[in-house]
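What follows is a single structure, written as structure tokens, with notes after it.
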Amino acid sequence: MADTITINVDGKDVQVPPRTQLIEALRGPANTETPAFCYHQDLKVAGNCRICLVETEGPRGWALGISCHLQTAPGLKVRTQVSSDKIVKLRKGVMEFLLVNHPLDCPICDKAGECTLQEHYMGQGKHESRLDDAVGKQYKGGADHRFLDSKGIERGGKKIDLGPSIVLDQERCIICTRCVRFMSDVAKSPQLDIAGRGDHAYLTTFPDEPLNHEYDLNTADICPVGALTGKHFRFQQRVWMLKSVESIDPSDSLGANLTIDYNNSGSEGGKVWRLMPRRNPDVNKSWIANRTRLLYQNLAVNRLTDGKKAGGDCTIEDATIAAVAALKGAKRVAIVASGHLTTEDNAAVLALAEALGGKAEVFGGSWLTVGKADGIALSGDPVANRKGVELLGIKDNLDELVAKAKDFDVLLVAGNDLWSASAEKAAKLEVIPTRIALSAWVDATVAKATIAIGIRAWAEVRGSMVNCNGRVQLLQACPVVPNSQLEAAWSVLTALSKAAAKPLTWASEVDAWKSAQARGSAFAGMTYRSIGPMGQQVALSTTTVQPVAAGV
Amino acid sequence: MTTLHGFPQPTHWKGKELPRILSGLFQVENGHTLAVAKQHGVYGTIGPMLFDKSQLELIELVKDSGLRGRGGAGFPTGMKWSFVPRGTGKPVYLVINADEGEPGTFKDRLCMTRDPHLLIEGMIITGYALGVRTAYIYVRGEMLPQITRLNDAIKEAYDAGLLGENIGGSQYSLDIYVHRGAGAYICGEETGLINSLEGFKGQPRLKPPFPAVSGAFASPTVVNNVETIMAVPYILKHGAKGYRAFGTDKSPGSKLFSISGDIVKPGVYEVPLGMSYMEFFELCGGLKGELLGCIPGGSSAPVLSADETRKATLDYESLASLKSMLGSGAITPFNTTTDVPKFLQTIARFYAHESCGQCTPCREGTGYVDRVLDKVVDGQGRDGDIDLIKDLADSYEWTTICAFAPGAAWPVQSFIAKYREHFQRYIDKNPDHAAARDLVTQRPGAFW
Amino acid sequence: MDFLVLNFDIILTLLKPVLIFALLFQVLPLLVLAERRGAAIIQDRPGPNRAAISLPGGLKLRGFGMVFNIADAVKLLFKESFTAPFAHKWWYILAPAIPVVTAILTPAVLPWFAPIVHKPDGGALQVVSGQIFDANVGLLLLFAIGSLSVYGVVLGSWASNSKFSLLGGLRASAMMISYEVSMGLSVLGLILLVGDFSLTRIVEWQTYHAWGIFVQPVGFFLFLISMFAECNRNPFDVAEGESELVAGFHTEFASSKFMLFMTAEYLHVLLASVLIATLYLGGYSLAPFPLPYPFGAQGVEWVVIDTAWIQAHLGHVGGAMLIIGGLTMLFLSHLVTVHKRAYAAQKPSDLAERAKESALFAGLFMFLAFAMVAGGLFAIVAGGPTPLSGVIHEAKPVYPLWVGITTAVIQLHIVLGKTLVVAWLFIWVRWTLPRFRYDQIMALGWKIMINIALVNLLVTALIAKLVK
Amino acid sequence: MAKIVPRPNLSFWEQVYFVEIFKGLATTMGHAIRNLTGQTKFPTVSYPEVQYDLPRDYRARHRLMKRPDGSPRCVACFMCSTACPARCINIVAEEAPDKHIEKRPVRFEIDLLLCVFCGYCVEACPCDAIRMDTKLAVMAGDNRADFVVNKESLMEWKPTDYPADDTQSQKAPGGSLHAQALDEFKSGTYH
């Protein structure tokens with residue numbers, strides 16, 4: 001892998017990997033700003049936007065070419081906008097053409113702020129306009145921003161409902177075909193196409209068929225302009241007001257990488273506004289499923305922001321005191337770990353059991369059904385950290401717990417919603433008189449619990465999960481929390497260890513991670529820094545789950 | 001059936017015999033039928049004359065003949081054939097580009113109407129030379145009579161054993177299919193044509209890979225014009241030298257020229273390359289009125305002014321030296337009564353309409369130029385609009401995937417360069433063009 | 001009556017502090033008014049004119065802004081006496097008292113009039129000093145007390161427990177201590193000439209020789225500048241520096257405590273003016289130097305306008321002062337009418353209101369002017385030679401008690417008049433000069449003022465030796 | 001690049017400063033004497049009885065411009081709140097039923113206590129929806145909530161309060177000349 005070749009960019013020799021797209025070499029090793037609209041790292045090259053033009057030296061002198069299609073070869077000589085006035089002029093020209101029929105409605109465009117067109121206009125644009133209203137295509141149509149196609153039928157328009165999740169603004173579309181390529185090549189469901197030709201080309205679905213796919217919201221992400229927008233985020237926030245933290249998909253064991261975009265200023269208070277895919281070529285490429293993307297909507301809904309005790313609400317502190325008392329007085333304690341919580345939380349489960357000594361026993365696993373991998377960004381297993389729990393040495397033995405439920409007088413369930421997974425099996429656990437539930441939401445388990453303590457949800461904690469392929473990935477904490485009293489599960493479990501003779505004294509999730517490292521040999525040597533935003537692979541010797549192919 | 005001016009054509013001109021390489025059967029009654037064609041020597045090569053030669057020999061022969069593509073680009077045909085990789089295990093396809101869409105060009109149509117068998121003969125030779133099992137004729141959708149003729153001719157050929165398995169008793173088999181296009185100009189571009197042939201949208205592909213390496217159905221593909229292929233049998237018959245007897249040294253052979261415009265007898269003429277334009281006009285009955293300029297080779301070729309036309313000859317080199325091109329051989333002289341901006345408007349509108357919409361500069365640029373030209377012709381022009389049009393054409397000239405954009409840019413650039421005062425007259429017609437120009441900067445922004 | 005006359009010295013001595021303080025606290029609001037109104041006049045604006053007392057008959061009494069003083073006092077006294085929670089409470093409460101106490105103690109050693117000498121019938125000769133406390137080290141005592149006022153600033157700023165306050169206090173204390181050196185040195189020249197620290201003796205010396213400003217011009221300026229610094233007045237008001245330190249040392253003070261600080265500040269200005277008037281403008285002496293009298297027995301005689309002379313020409317002097325007062329009133333009346341014109345851009349109703357008030361004041365001043373001029377003329381015409389009591393004390397004739405008291409009153413007015421002139425100088429300078437930078441102040445104090453003061457002292461000593 | 005202002009070259013007497021003090025004193029006293037005697041009119045006015053006419057460009061309390069139908073012209077683009085250095089503008093957007101408008105504010109609040117009256121919001125507005133020409137320079141309230149003005153109160157203004165010759169304003173949606181301008185715009189004669 002390490003071998004590189006030398007190409008010459010603007011008179012300077014640059015070491016680049018061989019046979020990659022020139023645009024990657026320019027953007028990466030050559031550090032030359034290269035605009036592109038149609039080019040996307042995880043899509044096939046279409047080469048139609050023409051803004052990434054460069055000059056290369058060939059047998060017939062300097063020739064124009066598009067850097068997204070050209071490949072690096074030894075001795076390649078490239079001129080970019082840095083050294084070629086021609087490129088500067090032509091890019092300005094291309095930018096002008098892109099803008100001829102593009103509306104100037106950035107102020108109400110949801111893409112504004114993360115719009116590729118805006119970015120590159122600042123870098124490569126003409127900056128003084130010579131357009132007037134007579135040159136846009138809509139002048140032949142009407143004031144409704146519609147135009148007549150070659151058959152005289154009105155097309156275009158500002159708000160076209162493409163399907164359940166996507167709205168199209170035809171006027172903003174620059175026909176880069178990224179969405180078309182995504183739907184056909186990645187989603188394998190070619191629901192979109194460009195119809196018409198010339199500047200009357202337009203993006204459309206097939207007649208009377210909506211755009212409806214589990215991954216269709218990705219088209220809004222890859223749309224370089226605001227033509228495709230997701231209905232869930234339409235007009236909600238301006239993107240420059242959002243801050244983001246990096247996290248992963250907590251609802252699926254592939255752990256698709258994503259960012260949590262939130263806004264914690266303003267009179268509205270903090271709120272998580274959206275989840276966006278984060279590119280990780282080894283996990284989910286640039287894609288996340290709609291299901292994952294809409295998870296943020298649950299973060300402020302139905303939350304267990306306080307504690308519960310004997311059926312009534314109480315503060316978290318009171319609930320914790322009651323739980324400690326129950327654990328202290330217990331003869332046999334069953335503690336259920338959870339694949340929905342981080343590895344740190346599960347390490348805390350083990351540490352608590354250890355502290356409680358012989359009277360505690362740890363169970364793990366889930367009754368949720370495992371689906372099939374779709375090959376893009378979902379593995380189908382809803383237990384995100386199943387692997388991490390396994391690597392900590394917790395067995396999948398919930399049925400065993402059901403079998404000997406009578407032996408226990410206290411049940412501590414840490415973030416594992418047993419009752420909604422299987423109410424029938426879980427009903428047998430109701431013989432245990434004291435049932436303590438740690439949960440972020442008011443779920444079925446909380447309803448059946450005698451003591452419930454609210455914990456932070458996945459978006460609000462820092463920790464790690466191990467995906468189905470044995471990749472340790474980090475979740476970072478978003479500061480938006482419904483109740484600042486809420487603590488992460490490991491922290492609550494640490495507090496519950498007061499019931500033991502030697503309570504745990506962990507100060508942060510780093511202590512929890514160190515404990516996890518002590519328990520799971522696969523984590524040896526890993527630090528949060530070494531895991532980083534892209535994750536770190538553990539040795540797969542202990543794998544029992546088949547690896548799921550990463551995205552296409 | 002089709003009555004064209006120019007027929008009957010003279011066989012001699014100024015004491016010299018005019019070539020009848022391509023148009024031999026044009027004036028023969030029922031020349032399109034196999035029987036009549038055979039009488040006139042068509043299919044004469046299908047036999048030992050062909051099958052005794054090796055593929056490489058044939059390719060060398062065509063190379064030596066100096067035959068160049070007659071579709072417009074003028075790429076040496078033999079060289080094109082030699083690019084086809086051998087032994088890849090993939091089939092090689094031959095596709096005949098009969099998607100004749102260049103404004104002013106109507107030669108292939110006539111070829112297919114009057115002499116389809118010569119085309120089939122050429123295809124058999126080419127197919128044999130390249131190892132083709134399946135060949136396509138991609139015909140423009142509007143050419144219904146031609147499609148009928150071709151299908152009839154192919155049927156006749158199949159019936160006569162000239163197509164299908166073991167042609168003429170040889171080991172060579174060839175199937176020919178007529179593919180009807182949907183009438184898009186861009187499908188005359190070879191990769192666009194291949195895309196269309198495959199059932200995709202007729203949009204050019206990124207090159208490389210070139211079609212010779214990976215074309216139709218991801219296999220090596222040769223795309224040739226009708227007229228090019230029709231010249232192949234003659235070359236085989238008379239050898240490279242025989243073909244080179246006509247034309248100039250660098251542009252050997254003859255070519256069909258479709259002439260229209262301000263000429264007394266418009267039509268299709270086969271003349272040797274190298275004849276001067278003025279002489280050719282004389283051959284066509286002379287010009288109407290005083291010459292103002294001439295489009296030398298299809299609407300995408302840069303226009304020639306009257307002086308340049310007088311200097312030009314009908315060959316690739318002469319026109320290249322005048323910064324124009326022979327193109328498809330569609331010659332359109334126009335006289336001093338021509339309204340040049342409206343002429344250009346027509347051309348620009350054609351290109352705006354026919355742009356496939358794939359590449360940004362061509363998609364938006366052609367429409368942009370069209371609308372600005374419309375504005376100028378409507379008398380709404382302003383100072384600077386001419387430069388704007390020129391600048392826009394410069395911007396999209398070479399920045400696209402295929403050669404459509406330069407083809408759309410050249411007429412614009414050349415018309416403006418050579419007839420600027422005609423455009424200025426239109427702008428001067430707008431009484432307040434100067435005031436209008438000032439208002440551009442004063443216009444309030446978004447009204448809403 | 002006899003008792004009063006016989007025990008006049010005791011009664012007056014007891015009464016003096018009361019009278020002087022009453023006088024000072026009467027002049028104080030005038031000074032505040034002068035500050036505000038003076039600022040306005042210098043800065044081309046009308047000045048305070050909103051606070052008014054509504055009287056029956058549609059008359060709104062504004063008193064040229066004097067009502068503002070009442071309003072201020074009421075407001076400051078009745079505001080919540082807020083103590084900053086982070087302050088050091090005891091020192092915080094104590095701090096504002098210190099400058100006021102020092103300011104109140106200072107006038108005790110200032111000579112307000114010449115000693116009243118009289119011999120009651122059947123009593124011993126009584127000499128009542130013009131000071132409350134006739135200390136023969138008066139000036140030193142004055143400086144000693146005056147220096148204490150810096151403690152108020154320092155303590156207040158430190159006790160506030162606020163950075164701004166502390167910075168202001170630090171700057172102020174450093175500056176005040178620095179300028180005390182040059183203050184002491186500058187006045188030393190005068191002391192050298194007079195040969196006494198008693199302020200009465202200094203005034204007497206000036207009466208017989210010349211005012212301090214004439215014999216010690218350099219000393220006067222040095223002392224004046226030092227006094228500016230001591231009072232924290234512009235251009236030396238680094239203690240407050242609102243552009244840098246909010247309000248400086250009294251940022252955290254409010255209501256009555258703040259009022260105490262402000263009172264002390266104006267008292268200091270007033271007392272500094274009195275001190276300057278006493279040391280360099282001859283105190284209660286009427287003329288700057290002995291005046292030539294061309295029609296004397298031996299030709300030109302040099303007449304010393306001392307207390308005895310005033311007493312001898314009591315009618316003329318008193319009459320002349322009344323006439324001057326009357327003319328001042330006339331001028332004030334004129335100003336009132338001028339200001340009536342100045343408010344031309346007013347609403348008619350408001351204009352009428354103001355017209356009423358100005359008419360009232362114009363009339364009042366006019367009446368007073370006429371009364372005083374008339375009284376003065378009468379005194380000049382009717383006042384013959386002052387009756388003598390026939391007793392000689394220290395080679396001066398002793399007059400009856402009423403003459404002594406009248407003279408004292410006249411001299412008190414002379415002192416007050418000079419004080420007001422100097423006080424106006426304070427105000428005038430405040431609205432003229434910008435604040436100095438702290439380093440500039442220090443450079444001026446240590447590098448320039450002290451040197452000039454020392455040279456001045458040396459030169460004075462040489463000249464004094466030569467003259468003697 | 002910092003601009004270096006050279007110190008003025010002072011003459012000897014200016015450096016001594018002593019003489020300059022007296023010059024300054026003469027200046028101020030000159031003013032004082034003139035004001036006491038000659039001056040009949042001060043440049044100051046007796047506020048609030050007499051008030052200067054606020055200049056046209058004075059930045060006072062905001063108002064929201066209206067469309068002919070009375071709805072706010074604002075399209076909730078957040079440009080103003082983005083430009084606002086005091087972060088005093090709070091907007092909540094929603095989809096507008098009119099497809100030409102697309103986006104409109106549900107809430108539009110300005111906290112006038114935070115506002116620094118810089119006028120950046122007016123500059124930033126792409127559709128001239130917010131202006132600061134109300135001449136309502138003085139605001140009074142009992143509590144902080146009174147100073148948070150909402151969409152309704154920002155639109156409570158009468159067109160008659162604004163000059164008829166302010167044609168740009170009157171042509172703008174909500175103005176009296178708006179219909180005429182709209183016709184011109186539609187017919188293409190609007191320039």
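Chain letters run A, B, ... following the sequence lines, proteins first, then strands; residues in each count from 1. Predicted model, so just to flag it, every value in this text is computed and none were measured.
C:Ile42 contributes atom CD1, which lies 7.0 Å from atom CE of D:Met29 (distance to the nearest 0.5 angstrom).
No side-chain heavy atom of C:Ile41 sits less than 4.5 Å from a side-chain heavy atom of D:His31. The side-chain heavy atoms of C:Gln440 and D:Tyr17, taken from C-beta on, include no pair separated by under 4.5 Å. Taking the side chain as every heavy atom from C-beta outward, C:Leu433 and D:Ile21 approach each other to under 4.5 Å.
Only the backbone of C:Trp431 comes within contact range of chain D, judged by heavy atoms closer than 4.5 Å.
With a 6.0 Å radius and a threshold of 12 heavy atoms from other residues, nucleotides or ligands, D:Lys151 has its NZ atom above the threshold. Counting non-hydrogen atoms of other residues, nucleotides and ligands closer than 6.0 Å to OH of D:Tyr120 gives a total of 12 or fewer. Counted within 6.0 Å of CG on D:Asn9, heavy atoms from surrounding residues, nucleotides or ligands total 12 or fewer; the atom is thus considered open.
Formation of a donor-acceptor pair under 3.5 Å by the C:Trp428 side chain with backbone atoms of D:Thr28 is not found in this model.
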